[in-house]
Amino acid sequence: MTRIIAVAMQKGGTGKTTCSVNVAAGLARGVAPDVLGPQRVLLVDVDPQANATAVFLSPQFTLGPADGVATTHEVLVNQTPAREAIKTITLPANERAGYAAATLDLLPSHIRLARAELDLLGVIRREDRLASALKRVAKDYDFIIIDCPPSLGILTLNALIAAGEIIIPVEPGYFPLIGIGLLQRTINDVAQINDLQLLGVIPTLQDRTVESRETLEGLRQMFGDKVFPAIPSRIAVRNAHAAQTDIFAFATDAATRDAAEAFAGVVKEVARG
Ligand SMILES: Nc1ncnc2c1ncn2[C@@H]1O[C@H](COP(=O)(O)OP(=O)(O)O)[C@@H](O)[C@H]1O
Ligand SMILES: [Mg+2]
């Protein structure tokens with residue numbers, strides 16, 4: 001059975017894209033071999049900001065005219081088969097750190113997806129479009145990871161309805177903890193329609209501040225053992241994005257490896273299910 005996992009949180013900048021990219025890449029590479037070997041993974045970008053697409057294709061792709069190139073927009077709005085839009089990405093080996101090469105499939109996004117809310121207005125069962133599209137390709141994958149936009153609109157709703165599980169990345173601070181309440185209500189609403197389970201919460205952008213520690217404690221009180229390993233705030237994580245790759249390709253020395261190891265820890269939890 002394919003596991004479909006939405007990475008969602010309606011607030012921006014909580015690490016959704018970073019977690020989607022690195023968890024998808026980590027599963028594809030098999031970075032937690034004691035639990036699970038290399039997996040067939042599809043990363044789905046349903047954010048009009050298309051940051052995950054910019055990492056693995058190019059920023060130009062996400063903004064350019066891309067005429068005739070199918071993206072999530074065409075899949076959702078025109079019901080173009082997902083297969084026509086999917087691109088295969090090569091993840092280079094990082095022999096020094098012991099991470100194997102792999103390939104990862106990507107269903108890319110484009111800035112024009114920002115119109116989806118309007119373009120789908122009046123469409124019956126518009127919230128089911130992603131679920132039906134993914135059903136047709138699911139047999140080709142062990143995992144489908146969906147990177148959601150920072151809102152609870154029609155795109156996130158499509159992702160939650162397509163998914164069986166959800167991961168919530170949370171950055172340090174008081175506001176994110178408020179945001180979780182609203183997201184939990186949405187999860188409960190969607191769980192009435194399909195079988196959506198909370199897989200885990202990822203504390204992201206963790207540093208040595210009191211705020212980070214308090215957020216972590218707050219999350220542990222709210223979610224207990226569903227709190228996944230914390231991801232440290234590291235410049236290497238940003239640099240990997242800028243170098244258009246995942247953290248596993250980028251981790252070369254002690255200063256960059258701990259972020260990769262933290263993501264490998266998350267991949268292990270995801271693999272355990
Ligand atoms: N662990 C981290 N260390 C350093 N920077 C990070 C880390 N995680 C995310 N970032 C940066 O924080 C910003 C927001 O992260 P992003 O994953 O894009 O969040 P979202 O998708 O929720 O908006 C990005 O610039 C990203 O590069
Ligand atoms: Mg994002």
In Å, rounded to the nearest 0.5 Å, how long is the span from CG of Asp128 to CG of Asn158? 7.5 Å

Picking from Pro172, Pro169, Ser212, Pro232, what satisfies side-chain contact (heavy atoms from CB on, under 4.5 Å) with Leu205? Pro172

Locate the shortest heavy-atom distance separating Phe61 from Pro108; write the atom from each residue and the value. CE2-CB, 3.7 Å

Quick one: do Ile89 and Leu106 satisfy side-chain contact (heavy atoms from CB on, under 4.5 Å)? Show the steps, please. CA-CA 7 Å; Ile89 310 297; Leu106 171 71; 4.1 Å; yes

Quick check: does any side chain N or O of Arg29 sit under 3.5 Å from a backbone N or O of Pro92, one acting as donor and the other as acceptor? yes

Treating Lys16 as the side-chain partner and Ile168 as the backbone partner, does any N or O pair qualify as donor plus acceptor under 3.5 Å? no

Do any N or O atoms from the side chain of Glu165 and from the backbone of Ala163 form a donor-acceptor pair under 3.5 angstrom? no

Calculate, to the nearest 0.5 Å, the distance between atoms CG and CD1 belonging to Leu27 and Ile144 respectively. 12.5 Å

N/O donor-acceptor pair under 3.5 Å between Thr156 side chain and Ser151 backbone: yes

For atom CZ of Arg185, is the number of surrounding heavy atoms from other residues, nucleotides or ligands below 6.0 Å larger than 12? no

Shortest non-hydrogen pair, Thr14 vs Thr204, comes out as O-OG1, 2.7 Å

Thr62 meets the side chain to side chain donor-acceptor pair (under 3.5 Å) criterion, sequence neighbours left out, with none

Going through the distances and angles, do Gln197 and Ile166 end up as a side-chain contact (heavy atoms from CB on, under 4.5 Å)? CA-CA 6 Å; Gln197 306 281 338; Ile166 177 170; over 6 Å; no

Between Arg96 and Asp253, is there a salt bridge with N-O shorter than 4.0 Å? no

Distance (rounded to the nearest 0.5 Å) between Leu219 CG and Lys226 NZ: 14.0 Å

We want to know whether Thr209 and Asp207 form a side-chain donor-acceptor pair, criterion being a heavy-atom distance below 3.5 angstrom. yes

side-chain hydrogen bond (donor to acceptor under 3.5 Å, both in side chains) pairs touching residues 134-143, sequence neighbours excluded, are Arg40-Asp142, Arg83-Asp140, Arg83-Tyr141, Asp105-Tyr141

Do Ser109 side-chain atoms and Asp47 backbone N/O form a donor-acceptor pair below 3.5 Å? yes

All heavy atoms of Leu107 vs all of Ala85, minimum pair found to be CD1-CB, 3.4 Å

Heavy-atom check, side chain of His110 versus side chain of Leu113, under 4.5 Å: no

Would you please say whether a donor-acceptor pair under 3.5 Å links the side chains of Thr53 and Asp45? yes

Do any N or O atoms from the side chain of Thr245 and from the backbone of Ala240 form a donor-acceptor pair under 3.5 angstrom? no

Which atoms form the tightest heavy-atom contact between Ala251 and Ala260, and what is the distance? CB-CB, 3.6 Å

Assess whether side-chain contact (heavy atoms from CB on, under 4.5 Å) is satisfied between Leu183 and Leu152, documenting all intermediate values. CA-CA 8 Å; Leu183 182 57; Leu152 287 176; 3.8 Å; yes

Gap separating the CG atom of Leu134 from the CG atom of Leu42, nearest 0.5 angstrom: 6.5 Å

Distance from Met9 atom CE to Cys148 atom SG, nearest 0.5 Å? 12.5 Å

If the threshold is 4.0 Å, N to carboxylate O, is there a salt bridge linking Glu261 and Lys268? no

Less than 4.5 Å apart, side chain to side chain, heavy atoms only: is that true for Glu171 and Lys11? yes

For the pair Glu217 and Arg220, find out whether any cationic side-chain nitrogen is under 4.0 Å from an anionic carboxylate oxygen. no

Close side-chain approach of Arg213 to Leu216, heavy-atom, < 4.5 Å: no

Closest approach of Cys19 to Ile202 (non-hydrogen atoms, all atoms of both residues): SG-CD1, 3.8 Å

Give a yes or no on this: more than 12 heavy atoms of other residues, nucleotides or ligands lie within 6.0 Å of atom CG of Asp225. no

Given side chains that start at C-beta, do those of Val31 and Phe263 come closer than 4.5 Å, heavy atoms only? no

Which pair of heavy atoms, one from Phe228 and one from Leu199, lies closest together, and at what distance? CZ-O, 3.5 Å

Just how far is it from atom CD1 of Ile5 to atom CG of Asp147, taken to the nearest 0.5 Å? 13.0 Å

Are side-chain heavy atoms of Phe223 and Val201 found at a separation under 4.5 Å? yes

Could you tell me if Asp246 and His241 have a donor-acceptor pair between their side chains, going purely by distance under 3.5 Å? no

Any donor-acceptor pair under 3.5 Å from Thr215 side chain to Gly173 backbone: yes

For Ser233 and Gln206, run side-chain contact (heavy atoms from CB on, under 4.5 Å): C-alpha distance rounded to whole Å, both residues' side-chain angles, the deciding distance at 0.1 Å, then the answer. CA-CA 5 Å; Ser233 183; Gln206 285 280 315; over 6 Å; no

In the structure I gave you, are the side-chain heavy atoms of Val237 and Phe250 within less than 4.5 Å of one another anywhere? no

Under 3.5 Å, side chain of Arg129 to main-chain N/O of Val77, donor-acceptor pair present? yes

Would you say the side chain of Val69 lies within less than 4.5 Å of the side chain of Lys87, judging by non-hydrogen atoms? yes

Taking the side chain as every heavy atom from C-beta outward, state whether Glu269 and Val266 have any pair of such atoms under 4.5 Å apart. no

